[in-house]
Amino acid sequence: MIRILLAEDDRVMREYLTRALERSGYAVSAVDRGTEAIPLLEAERFDLLLTDIVMPEMDGIELAQRASEMAPEMRVMFITGFAAVTLKAEKQVPQARVLSKPFHLRDLVLEVDRMFQSENAGFN
């Protein structure tokens, strides 16, 4: 099962994203800030870091950079509502995907599915 670490400071958004991804067959561990994600990254293996960019204490870009050092094979997807922040994220973590808010939950799930499509093809 594909494991996702979700870092999103907005409680309602975090719950919606978690529920949508779990219904689609993903295992999700959710935290409300980047600093809470670091201990999980040290203790467990995740296939995807799905993170908001603008969060207190540690933003999603810094989290993604730290996560890439700890688990270079893990994929990264940013979610944000700020266009200028999107450009910064694309420059600092070029291998990451960026999904701009607002988005439909179905679009998020489809984008995550696409990220792992080639790997899942062997399981059908």
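This structure is a prediction, so every number in the text was calculated from the model and none was measured.
Scanning both residues, T18 and A30, for their nearest heavy atoms gives OG1-CB, 3.6 Å. Considering all non-hydrogen atoms of both residues, I38 and M70 come closest at O-CE, 3.8 Å. Considering all non-hydrogen atoms of both residues, A64 and V93 come closest at CB-CG2, 4.2 Å. The shortest heavy-atom contact between G60 and F78 is O-CE2, 3.4 Å. When every heavy atom of E8 is checked against every heavy atom of M55, the shortest pair comes out as N-SD, 4.0 Å.
In the hydrophobic cluster analysis, where Ile, Leu, Val, Met, Phe, Trp and Tyr join through side-chain heavy atoms closer than 4.5 angstrom, V12 is grouped together with L6.
Interatomic distance, OG1 of T51 versus CG of D9, reported as 9.0 Å (0.5 Å rounding). Rounded to the nearest 0.5 angstrom, L108 CG and L50 CG are separated by 5.5 Å. Atom CG of L110 and atom NE2 of H104 lie 10.0 Å apart (nearest 0.5 Å). The OG atom of S24 lies 9.5 Å from the CG atom of L105; values are rounded to the nearest 0.5 Å. We find the CE-CG distance between M13 and D32 to be 14.5 Å, quoted to the nearest 0.5 Å. Residue L48 holds its CG atom at 5.0 Å from CD1 of I4, rounded to the nearest 0.5 Å.
Listed by chain and number, the residues in a salt bridge (charged side-chain N to carboxylate O under 4.0 Å, His left out) with R45 are D47 (sequence neighbours excluded). By the salt bridge (charged side-chain N to carboxylate O under 4.0 Å, His left out) test, E15 is found to be paired with R11, residues two or more places apart in sequence or in another chain being considered. Shown here are the side-chain hydrogen bond (donor to acceptor under 3.5 Å, both in side chains) partners of E44, two or more places apart in sequence or in another chain: R3. A search for salt bridge (charged side-chain N to carboxylate O under 4.0 Å, His left out) contacts involving R106 returns nothing, not counting sequence neighbours. Every residue two or more places apart in sequence or in another chain that forms a side chain to side chain contact (heavy atoms under 4.5 Å, CB included) with A67 is listed here: L41, L49, M74.
With a 6.0 Å radius and a threshold of 12 heavy atoms from other residues, nucleotides or ligands, Y16 has its OH atom at or below the threshold.
Each side-chain hydrogen bond (donor to acceptor under 3.5 Å, both in side chains) pair with one or both residues in residues 53-68, not counting sequence neighbours, appears once here: R33-E57, T35-E57.
Salt bridge present: R114 and E111 bring a charged side-chain N and a carboxylate O closer than 4.0 Å. Classification of K101 and D52 as a salt-bridged pair holds, one side-chain N sitting under 4.0 Å from a carboxylate O.
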Exercise. Take L17 and I79, measure what side chain to side chain contact (heavy atoms under 4.5 Å, CB included) needs, and give me the verdict at the end.
Key: CA-CA 11 Å; L17 297 176; I79 47 178; 3.6 Å; yes
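With a 4.5 Å cut-off on side-chain heavy atoms, V112 and M77 count as touching.
Side-chain N/O atoms of D113 and Y26 include a donor and acceptor closer than 3.5 Å.
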